[in-house]
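Let me begin by presenting the structure, written as structure tokens, before commenting on it.
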Amino acid sequence: MTSRHFRPDVTVTLIVLVWAMYTTPRLVQSLTGVKRRATVGDALPMNPLAVKLEVLLLLLVFALCAYVILRGTAALPTDRRMPLVLVLAPWVYVVVRDLYIDHVPTRGGMLYPLLVVAIWILRPQLRKLAVLGYLVVLTAVMCIALGVFLPESGIFISGAGTAVAPTKEILPLGILIGIFTDGNNLGQYLVLGLPSVMLIPRRVVRAAGIAVVLFAIVWTSSRSSLAAAALACGMWVLMTVTPSVLRRPMSWGLVGATGAVMIWWPLSTPADDALTNRGAIWRHSLDAWGNTPWFGSGSNWYSVLPQHVGSLGGFAFHGHNQFVHTLATGGLIFLFLVAAMFVTIAWAASQWSARGIFQPATLLVALFASSTLEVSFGFVDRAFLLAVTVLPLMFAVFAPLPEHDSRRGHTKPRVESTA
């Protein structure tokens, strides 16, 4: 079997398995188990079948990555090794940092480097992410169906068993959570998957898929996800009408501006009760970072926070801002490594934009917008977002760029090597 046949098949399998690793156990849990609002440390009982299914799928992903890596050791790629180092460095740092405080990474936390190296070896075509786009639409359909036909599992329920209807509710139908446990989580997943939906080749199917995903995001009433969706759609349209010679600087400018807002917002000293008490979370997190500025407090800091005096309450599962969360958990060293990684990805996104392919830059805009009020990227946590963050971002860095004729302003596919 030649690698030309091997690569697309394995790529599709990897995408499907990583997607299924989180969605299918949560679907089983939604159909058969208990779902309600929970606080930090208040773990909900997981259905044994869902637990076994999650472990099985995780092992299958491990096995497939190991197969790709072992098969590729005979002829490892000779290029893009520095980007590989830069995207792996934050994970290495945070794992070593955690081991220093006797915090061992979970099984899922060990998956990130395997996925990165496997994609580096595979060099998959970016268009393969259309498969992920279809799966994101399927996820939205499943979540909407749960909200309609099984609201006790698909709508946000309090610990008392009643629907949670906060003032931010947009539709008079409750807060859609679908297979997840919170509307913000579902909103994050869908908005970060939206750029992959935009890669679906058939126009009618693509438009229908985008409409379904946007409707589900509106039903979640997640403000950060709604803003991220609006910015992602605006980014795509703006890049489409931008002259080809300006697309690269436009990509840098829009991605950089969104990232700057993400950093500036928690530093603008908002009131403690601003944005559903996020102001207090940011202030407390930055104060704690000040005690350990270089190394932070470890990736498990928010999970152990309720054990200490001055806790932020039971709902601060993370820093509610990627910049704040990075500083609080890993300090300035971690921030530098993460920034270097995202600059690398932004450079790759600008290369794609110059060739008329806007999915990577759109994903970065959606990611930074979502990360302004949430934490939407994780190296050893946030496993439910692996499929819609790590996979497409690594595709952007390692997929073969199409050839570009700047004089004619068009692209043509580059034939993948069969070596």
Side-chain angles (χ1 to χ4, degrees), residues 7-24 26-27 61 115 119 122 124-145 178-180 185-220 225-226 228-237 239-240 345 348-349 352-353 355-367 369-370 376-377 384-400 402 413:
R7 289 180 177 178
D9 292 342
V10 171
T11 299
V12 171
T13 303
L14 183 62
I15 291 172
V16 173
L17 281 178
V18 174
W19 169 82
M21 182 181 64
Y22 188 85
T23 55
T24 54
R26 270 62 194 176
L27 178 60
V61 174
L115 287 174
I119 294 171
L122 284 173
Q125 294 180 353
L126 192 71
R127 62 181 177 83
K128 289 291 179 181
L129 284 175
V131 174
L132 178 60
Y134 288 116
L135 295 173
V136 170
V137 174
L138 176 59
T139 305
V141 171
M142 289 191 304
C143 292
I144 292 171
I179 63 173
F180 296 86
N185 289 345
L186 174 57
Q188 284 177 277
Y189 187 95
L190 293 179
V191 76
L192 296 174
L194 183 61
S196 295
V197 178
M198 294 174 177
L199 289 177
I200 293 175
R202 294 188 61 183
R203 182 177 300 178
V204 173
V205 178
R206 180 172 67 246
I210 291 173
V212 169
V213 171
L214 289 177
F215 172 75
I217 293 173
V218 170
W219 194 353
T220 67
S225 298
L226 287 167
L231 288 172
C233 293
M235 170 81 172
W236 193 281
V237 172
M239 293 296 290
T240 300
I345 299 171
W352 288 106
S353 295
R355 291 160 172 80
I357 301 171
F358 313 128
Q359 186 271 343
T362 302
L363 175 57
L364 281 178
V365 166
L367 176 61
S370 174
S376 298
F377 189 92
F384 73 97
L385 295 173
L386 270 176
V388 292
T389 55
V390 174
L391 285 183
L393 290 175
M394 294 308 111
F395 272 55
V397 175
F398 298 121

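Small disclaimer: the values here were computed from a predicted structure and weren't measured.
With rounding to the nearest 0.5 Å, the separation of CG in Leu393 from CG in Leu363 is 4.5 Å. Here CZ of Phe215 is found 5.5 Å from CD1 of Ile144. Values are rounded to the nearest 0.5 Å. To the nearest 0.5 angstrom, Arg127 atom CZ is 10.0 Å from Thr11 atom OG1. Distance check, rounded to the nearest 0.5 Å: CD1 of Ile357 to OG1 of Thr362 gives 11.5 Å.
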Original post:
Between Leu135 and Val16, does a side-chain contact (heavy atoms from CB on, under 4.5 Å) hold up when you go through it step by step?
Top reply: CA-CA 8 Å; Leu135 295 173; Val16 173; 4.2 Å; yes
Original post:
When you look at Leu199 and Lys128, which way does the side-chain contact (heavy atoms from CB on, under 4.5 Å) test go after all the steps?
Top reply: CA-CA 9 Å; Leu199 289 177; Lys128 289 291 179 181; over 6 Å; no
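Here the closest heavy-atom approach between residue Leu186 and residue Cys143 is recorded as CD1-SG, 3.6 Å. Scanning all heavy atoms of the two residues, the minimum distance from Met235 to Ala361 falls at CE-CB, 3.4 Å. Scanning all heavy atoms of the two residues, the minimum distance from Ile217 to Ala229 falls at CD1-CB, 4.2 Å. Counting all heavy atoms, side chain and backbone alike, Arg206 lies closest to Met198 at CD-O, 3.2 Å. Nearest approach of Pro402 to Arg355, heavy atoms of both residues: O-NE, 2.8 Å. When all heavy atoms of Gln359 and Pro195 are compared, the pair lying nearest together is CG-O, 3.3 Å.
Thr220 meets the side-chain hydrogen bond (donor to acceptor under 3.5 Å, both in side chains) test with no other residue; sequence neighbours excluded. For Phe377, the ring pair (Phe, Tyr, Trp, His ring centres under 6.0 Å) partners are Phe342, Phe379, not counting sequence neighbours. Listed by chain and residue number, Trp19 satisfy the side-chain hydrogen bond (donor to acceptor under 3.5 Å, both in side chains) test with Thr139 (two or more places apart in sequence, or in another chain). Under the side chain to side chain contact (heavy atoms under 4.5 Å, CB included) criterion, Leu231 pairs with Val365, Ala369, sequence neighbours left out. Every side chain to side chain contact (heavy atoms under 4.5 Å, CB included) that Leu115 has, sequence neighbours left out, goes to Leu14, Val18, Val61, Cys65, Leu111, Leu386, Val390, Leu391. The side chain to side chain contact (heavy atoms under 4.5 Å, CB included) check on Ala140 picks up Leu190, Val212, Val213, Ala216, with sequence neighbours excluded. Applying the ring pair (Phe, Tyr, Trp, His ring centres under 6.0 Å) criterion to Tyr134, with sequence neighbours excluded, gives no partner residue. Shown here are the side chain to side chain contact (heavy atoms under 4.5 Å, CB included) partners of Val237, two or more places apart in sequence or in another chain: there are none. Checked against side-chain hydrogen bond (donor to acceptor under 3.5 Å, both in side chains), Ser196 has no partners two or more places apart in sequence or in another chain.
For residues 189-213, the pairs satisfying ring-ring contact (aromatic ring centres under 6.0 Å, His included) are Phe180-Tyr189, with sequence neighbours left out.
With hydrogens and angles disregarded, no donor-acceptor distance shorter than 3.5 Å links the side chain of Ser370 to the backbone of Ala366. With hydrogens and angles ignored, the 3.5 Å screen pairs a side-chain donor or acceptor of Ser225 with a backbone N or O of Gln188. At least one donor-acceptor pair under 3.5 Å links the side chain of Trp352 to the backbone N or O of Ala396.
Within the 4.5 Å cutoff, the side chain of Phe395 has heavy atoms near those of the Ile15 side chain. The side-chain heavy atoms of Leu126 and Pro360, taken from C-beta on, include a pair separated by under 4.5 Å. Counting heavy atoms from C-beta outward, Leu214 and Leu194 have side chains that approach closer than 4.5 Å.
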